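A quick write-up on the structure given underneath.
Just so we're clear, the structure is a prediction, and the values are computed from it rather than from any experiment.
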Amino acid sequence: MTKEQILENFDPSQPGLADATVFGLPFSADQSEIIVIPVPWEVTVSYGAGASEGPEAIMEASFQVDLNHQEFPELWKLGIYMDEAPEHWNKNSHKFKGLAQPIIEALEAGEDVSTFPALQSDLDKINKACAAMNEEVKNRTLHWMNQGKKVALLGGDHSTPLGYYQALATKHENFGILHLDAHMDLRIAYEGFTYSHASIMYNALQIPQISKIVQVGIRDFCEQEVEVALKDRVLVHTDMDLKQETFEGKTWEAQCDRIIASLPEKVCVSFDIDGMYPWYCPNTGTPVPGGFSYEQAAYLLSRLAETNKEIIGFDLVEVAPGDDDWDGNVGARMLFHMCGVFAKSQKMKVGQKIKFNR
């Protein structure tokens with residue numbers, strides 16, 4: 001059927017179709033305007049595991065998301081399609097994660113990896129594999145962009161969007177990153193891994209087209225990261241500073257306006273789910289007490305979409321499922337909201353916000 005015929009016959013009030021794409025939508029990739037690239041990868045995780053299972057957990061939970069979003073009631077009509085990750089991404093993630101663990105254990109024991117030829121060889125293999133994955137993500141992103149699609153990335157750990165940023169850099173001469181996270185992720189080759197999840201924003205700074213990174217919710221960082229942030233093009237809004245302002249009477253609205261005003265004209269949003277209070281996604285790899293609420297994050301992103309800034313893409317990372325569906329459920333709903341924000345900023349038809357009169 002054509003997309004027009006599908007729109008005429010599909011009932012969005014019914015349960016999502018089991019054989020459909022993300023959110024139970026009936027559209028093919030060609031019929032969808034937004035493509036989500038899943039990257040099931042967590043090679044360099046240094047604490048909790050499971051981020052590579054995030055895309056699948058979000059996909060499964062997405063069928064329970066009602067399509068009539070209050071803010072973007074016609075978003076579903078645009079079509080959102082979950083791309084299929086190459087099988088070797090997941091296989092390589094498991095393979096090289098296994099090689100990484102002895103390296104991490106040696107470092108934790110105070111050893112110098114370079115003095116162990118086997119470990120150093122494995123470290124080199126891991127860095128090479130991560131570089132290859134980044135290049136594949138870049139090429140896959142460009143494949144969809146060159147077809148006129150709006151592309152988002154779904155991790156995986158936070159190392160996964162580097163190739164995505166590189167792809168954006170081929171299309172945009174200047175853009176910034178709005179980075180929601182508990183961590184700065186500015187470590188330089190953390191634990192020897194060039195493409196560590198803890199080094200994603202440092203690696204992003206090596207892309208000349210990224211003119212600024214504005215971080216929100218930060219509450220865990222090391223001395224090296226502070227040095228990078230203070231001397232480079234990074235603006236940090238720590239959780240402590242934001243909370244202090246709140247306690248002293250400053251509204252979240254005013255804080256959001258200040259955050260948004262500091263961003264360049266074009267913005268990519270990078271959302272590490274551990275930026276939120278830990279009870280939203282308790283199984284994320286490196287949870288930290290404190291943070292912001294789901295509603296605060298949604299408000300900030302929606303307010304960004306209402307400005308003259310252009311959201312050129314986004315990534316959502318570090319959702320790790322536990323024994324139930326809760327983490328995937330939260331991730332799926334944030335993914336849907338971020339798709340709406342992305343579409344609205346791109347002047348796509350998402351409908352008018354539903355207002356309930358009392």
Side-chain angles (χ1 to χ4, degrees), residues 34-44 51 54-55 83 85 89 127 129-146 149-181 183-190 193-216 225 228-229 232-236 263-273 275 301 304 309-318 335 338-339 341-342 345-346:
I34 299 174
I35 303 293
V36 178
I37 299 176
V39 187
W41 187 271
E42 57 167 326
V43 169
T44 64
D83 192 13
W89 283 0
N127 286 334
C130 290
M133 189 277 295
N134 289 333
E135 186 67 19
E136 291 182 27
V137 169
K138 175 184 176 181
N139 291 337
R140 200 165 190 89
T141 302
L142 289 172
H143 165 76
W144 291 116
M145 286 182 173
N146 290 337
K149 306 297 185 181
K150 306 302 179 186
V151 184
L153 183 140
L154 181 62
D157 72 28
H158 210 159
S159 72
T160 54
L162 184 60
Y164 177 69
Y165 302 154
Q166 292 168 342
L168 290 175
T170 70
K171 301 290 185 179
H172 304 277
E173 294 181 357
N174 182 298
F175 66 96
I177 295 178
L178 174 59
H179 175 207
L180 284 67
D181 202 328
H183 310 87
M184 287 183 175
D185 289 344
L186 291 171
R187 294 176 184 261
I188 303 171
Y190 183 53
F193 303 117
T194 303
Y195 303 104
S196 169
H197 66 98
S199 302
I200 180 62
M201 290 302 152
Y202 176 81
N203 290 331
L205 287 171
Q206 311 315 305
I207 302 173
Q209 291 86 347
I210 297 178
S211 59
K212 194 173 189 179
I213 297 176
V214 178
Q215 303 186 321
V216 179
E225 290 177 296
V228 173
D232 219 322
R233 49 198 193 278
V234 183
L235 179 61
V236 183
L263 290 163
E265 181 181 346
K266 295 184 177 184
V267 182
C268 175
V269 178
S270 183
F271 196 146
D272 185 326
I273 208 73
L301 298 177
L304 172 62
K309 310 286 186 183
E310 179 188 0
I311 299 174
I312 61 172
F314 73 84
D315 62 83
L316 177 63
V317 299
E318 297 287 357
L335 176 64
M338 294 181 79
C339 284
V341 165
F342 187 15
S345 179
Q346 288 291 318

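Atom CG of D185 and atom OG of S196 lie 8.0 Å apart (nearest 0.5 Å). Once rounded to the nearest 0.5 Å, the distance linking CD of Q166 with CD of Q206 reads 11.0 Å. Remark: H158 NE2 to L316 CG distance equals 9.5 Å, nearest 0.5 Å. Rounded to the nearest 0.5 angstrom, K266 NZ and S211 OG are separated by 11.0 Å. The CG atom of D83 sits 11.5 Å away from atom CG of L154, with the distance rounded to the nearest 0.5 Å. Rounded to the nearest 0.5 Å, atoms CZ (F342) and CE (M338) are 10.0 Å apart.
Nearest heavy-atom pair across P55 and G156 is CD-N, 3.6 Å. Nearest heavy-atom pair, S159 versus N134, reported as atom, atom and distance to 0.1 Å: O-OD1, 4.0 Å. Counting all heavy atoms, side chain and backbone alike, G155 lies closest to L153 at N-CD2, 3.9 Å.
Counting heavy atoms from C-beta outward, R187 and Y202 have side chains that stay 4.5 Å or more apart. Side chains of N127 and F193 form a contact here, defined as non-hydrogen atoms less than 4.5 Å apart. At a threshold of 4.5 Å between non-hydrogen side-chain atoms, the residues Y195 and T44 do not count as touching. Between V39 and M133, some side-chain heavy-atom pair lies under the 4.5 Å cut-off. When side chains are defined from C-beta on, L335 counts as touching F314, because their heavy atoms get closer than 4.5 Å. The shortest side-chain heavy-atom distance between Q215 and M184 falls under the 4.5 Å cut-off. A heavy-atom distance below 4.5 Å is found between the side chains of V137 and W89. The closest side-chain heavy-atom distance from P161 to I200 is below 4.5 Å.
Not one N or O on the side chain of S270 forms a donor-acceptor pair closer than 3.5 Å with the backbone of H179. With hydrogens and angles disregarded, no donor-acceptor distance shorter than 3.5 Å links the side chain of E42 to the backbone of D157. Without hydrogens or angle criteria, S199 side chain to T194 main chain gives no donor-acceptor distance under 3.5 Å. At distances below 3.5 Å, at least one donor-acceptor pair connects side-chain atoms of Q346 with backbone N or O atoms of I311. Listed for the K309 side chain is a donor-acceptor partner under 3.5 Å among the backbone atoms of L263. At distances below 3.5 Å, not a single donor-acceptor pair connects side-chain atoms of E310 with backbone N or O atoms of E265. Panel note: side chain R233, backbone I210; a donor-acceptor pair is recorded below 3.5 Å. Remark: the backbone N or O of L186 is paired with a side-chain donor or acceptor of E225 at under 3.5 angstrom. Between the side chain of Y164 and the backbone N or O of V151, at least one donor-acceptor pair lies under 3.5 Å. No side-chain donor-acceptor contact under 3.5 Å links E135 to the backbone of A131.
Tested against M145, the residues T170, L168, I35 include a single side chain to side chain contact (heavy atoms under 4.5 Å, CB included) partner, L168. Checked options L162, I213, D232, V234; the residue passing with M201 is I213 (criterion: side chain to side chain contact (heavy atoms under 4.5 Å, CB included)).
The 12-atom threshold is not exceeded at CD of E173, counting heavy atoms of other residues, nucleotides or ligands nearer than 6.0 Å.
With no hydrogens or angles considered, a side-chain donor-acceptor pair links D315 and Y165 at under 3.5 Å. Using modelled atom types and a 3.5 Å distance limit, the side chains of D272 and H183 yield no donor-acceptor pair. For the residue pair N146/K171, the side-chain donor-acceptor check at 3.5 Å is satisfied.
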Given side chain to side chain contact (heavy atoms under 4.5 Å, CB included), test H197 with V317 step by step and report yes or no. CA-CA 10 Å; H197 66 98; V317 299; over 6 Å; no
